[in-house]
Amino acid sequence: MKIRKLAALGLTLAMSLSMFSSVAMAEEETETETEEELVITEDIQEIIDRGILRVGVKNAVEGFGYQDTLTGEYSGMEIDIATMIAEELGVDVEFTTVTAATRTELLDSGDIDCVIATFTITDERRESWDFSTPYYTDHVTVLVKDSSEITTLEDLVDKTVGVSSGSTSARSLVEAMIEAEVISGDDYDADTFDAALWTEGVSFRQYDDYPAISTALEADEVDAFCVDKSILAIYKTEGRSYIDAEFAPQEYGVATTKDSGFSAYVDILINRWLEDGTIDGLIEEYALD
């Protein structure tokens, strides 16, 4: 009887050890496979050899990319993401301030390796650049002076709206006004839309950066300021309010050179940080939720 009990105990122990070994091996294989996914391609090796990851960022969007005028230091969720990518590569990070009008030019010229600058993903943009899985989703809205008494999309009819050159904000606003049946949109074509030429129900004035639009709003050069709400937040000072409308979800992604090895590398990292809660932690840290 004792022999049978000992034999059974030994068999149970052996099976347990075998299962433990299998689990350990599976975990080890999973970790190995994950590491193998981060392939160091030729373009990535160039960054490593250079020792610097060059990233295009915003410098006036609190919570995302903001540069202290006194210290010159950058801070924000997108700054942290750039820094984490550089750490994965084992290199330093160098920030270049970009605008909606300059970010793709600098990426195309090779002056920067990627753009992490509240860059909205669209099908049209995907034709020219790669984008990571979205790390944040925002919406477009409109900021006005309280004295204007503009509170709705309908109130924007026959008004002039300030937007950033190279952004999709003007198109998003026109689409929202058409959907709300505020304007007819008979002449609207998403493929050929040009903010500089649009005059049906609302017109636009384009500026190189957000501070310039804010100044124009204060000087009554424009009646409203339209862009992503997260960007508008810093300009929502006393005497200014958002209109009662949010539209056009804006998914932000890391933009990289089309079909580059670095694109796949960055996307793997963004997905990991989404899965393990790192991105959620940054959103909470910078009060972006």
Side-chain angles (χ1 to χ4, degrees), residues 27 29-58 61 63-65 74 76-96 98 100 103-138 167-168 228 230 248-286 288-289:
E27 290 177 350
E29 287 174 3
T30 300
E31 291 175 359
T32 301
E33 288 172 3
T34 302
E35 291 302 319
E36 287 176 351
E37 289 177 351
L38 290 173
V39 177
I40 304 300
T41 53
E42 184 177 346
D43 58 324
I44 297 175
Q45 190 60 53
E46 289 179 5
I47 297 172
I48 295 173
D49 292 342
R50 186 196 310 139
I52 297 174
L53 174 66
R54 302 167 305 183
V55 185
V57 297
K58 293 289 181 65
V61 184
F64 288 87
Y74 286 87
M77 173 185 181
E78 293 177 330
I79 303 303
D80 287 355
I81 289 175
T83 301
M84 291 189 299
I85 294 172
E87 289 174 350
E88 287 286 340
L89 291 167
V91 299
D92 294 327
V93 62
E94 175 183 276
F95 300 118
T96 297
V98 299
R103 56 195 173 192
T104 53
E105 293 177 4
L106 292 170
L107 185 58
D108 290 342
S109 66
D111 290 318
I112 55 178
D113 302 304
C114 62
V115 177
I116 314 179
T118 61
F119 201 174
T120 303
I121 304 168
T122 66
D123 291 338
E124 181 181 2
R125 287 171 175 170
R126 282 187 183 277
E127 294 177 4
S128 301
W129 307 281
D130 285 335
F131 285 88
S132 71
T133 299
Y135 54 80
Y136 187 83
T137 301
D138 198 5
S167 74
T168 59
D228 304 0
S230 58
Q250 306 290 295
E251 293 184 328
Y252 297 158
V254 181
T256 46
T257 304
K258 189 72 176 175
D259 298 325
S260 65
F262 189 46
S263 298
Y265 187 96
V266 168
D267 194 51
I268 290 169
L269 292 179
I270 293 298
N271 276 291
R272 284 186 187 176
W273 296 331
L274 285 168
E275 291 171 4
D276 68 14
T278 299
I279 297 292
D280 285 340
L282 292 176
I283 291 173
E284 182 177 354
E285 178 182 350
Y286 291 104
L288 301 174
D289 48 358

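Starting from 1, each residue takes its place in the sequence as its number.
- Looking at heavy atoms from C-beta onward, D111 lies out of side-chain contact with T96 at the 4.5 angstrom threshold.
- With K58 contributing its side chain and A100 its backbone, the two residues share no donor-acceptor pair below 3.5 Å.
- With rounding to the nearest 0.5 angstrom, the CZ atom of R54 is 10.0 Å from the CG atom of L107.
- For the ring pair (Phe, Tyr, Trp, His ring centres under 6.0 Å) with F64, the lone residue among Y252, Y286, Y135 that qualifies is Y252.
- One distance of note links OG1 of T118 with CD of E78; it measures 5.5 Å at 0.5 Å rounding.
- Side chain of Q250 to main chain of A248: a donor-acceptor pair is present (N/O by atom type, distance under 3.5 Å, no hydrogens or angles).
- Taking all atoms of both residues into account, the shortest heavy-atom contact from T257 to S260 is O-OG, 2.9 Å.
- Here the CG atom belonging to L89 is positioned 6.0 Å from the CD1 atom belonging to I47, to the nearest 0.5 angstrom.
- Across all their heavy atoms, G261 and I44 have their closest contact at O-CD1, 3.8 Å.
- With contacts defined as side-chain heavy-atom distances shorter than 4.5 Å, the pair I81/M84 qualifies.
- Summarising the geometry, atom CD1 belonging to I85 is positioned 11.0 Å from atom CG belonging to D80; distances are rounded to the nearest 0.5 Å.
- Across every non-hydrogen atom of T256 and C114, the tightest pair is CG2-CB, 3.8 Å.
- Of all heavy-atom pairs between A117 and R103, the closest is O-NH1, 3.6 Å.
- Nearest approach of D138 to S230, heavy atoms of both residues: OD2-OG, 2.5 Å.
- The closest donor-acceptor contact from the side chain of T83 to the backbone of I79 lies under 3.5 Å.
- Atom CD of Q45 sits in a crowded spot, with more than 12 heavy atoms from other residues, nucleotides or ligands closer than 6.0 Å.
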Next on the checklist: Go through it in stages, so that I can follow the logic: the residues are V91 and I52, the test is side chain to side chain contact (heavy atoms under 4.5 Å, CB included), and I'd like the CA-CA distance, side-chain angles, deciding distance and then a yes or no.
Outcome noted: CA-CA 5 Å; V91 299; I52 297 174; 5.8 Å; no
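- Here the straight-line distance linking atom CG of L269 with atom CD1 of I279 works out to 10.0 Å at 0.5 Å rounding.
- W273 contributes atom CH2, which lies 11.5 Å from atom CD1 of I268 (distance to the nearest 0.5 angstrom).
- A donor-acceptor contact under 3.5 angstrom links the side chains of T41 and D43, judged on distance only.
- With hydrogens and angles disregarded, no donor-acceptor distance shorter than 3.5 Å links the side chain of R272 to the backbone of T278.
- Looking only at distances, no side-chain donor or acceptor of S128 sits under 3.5 Å from a matching main-chain atom of R125.
- Considering only heavy atoms from C-beta on, I283 comes within 4.5 Å of M77 through its side chain.
- Judged purely by atom type and a 3.5 angstrom limit, D130 has no side-chain atom pairing as donor or acceptor with the backbone of S263.
- With D113 contributing its side chain and V55 its backbone, the two residues share no donor-acceptor pair below 3.5 Å.
- Ring geometry for F119 against F131 counts as perpendicular: the plane angle is over 60°, on a 0 to 90° scale with 30° as the lower cut.
- Taking each heavy atom of L53 and A82 in turn, the nearest pair found is CD2-O, 3.9 Å.
- Side chains of D267 and S132: no donor on one and acceptor on the other come within 3.5 Å.
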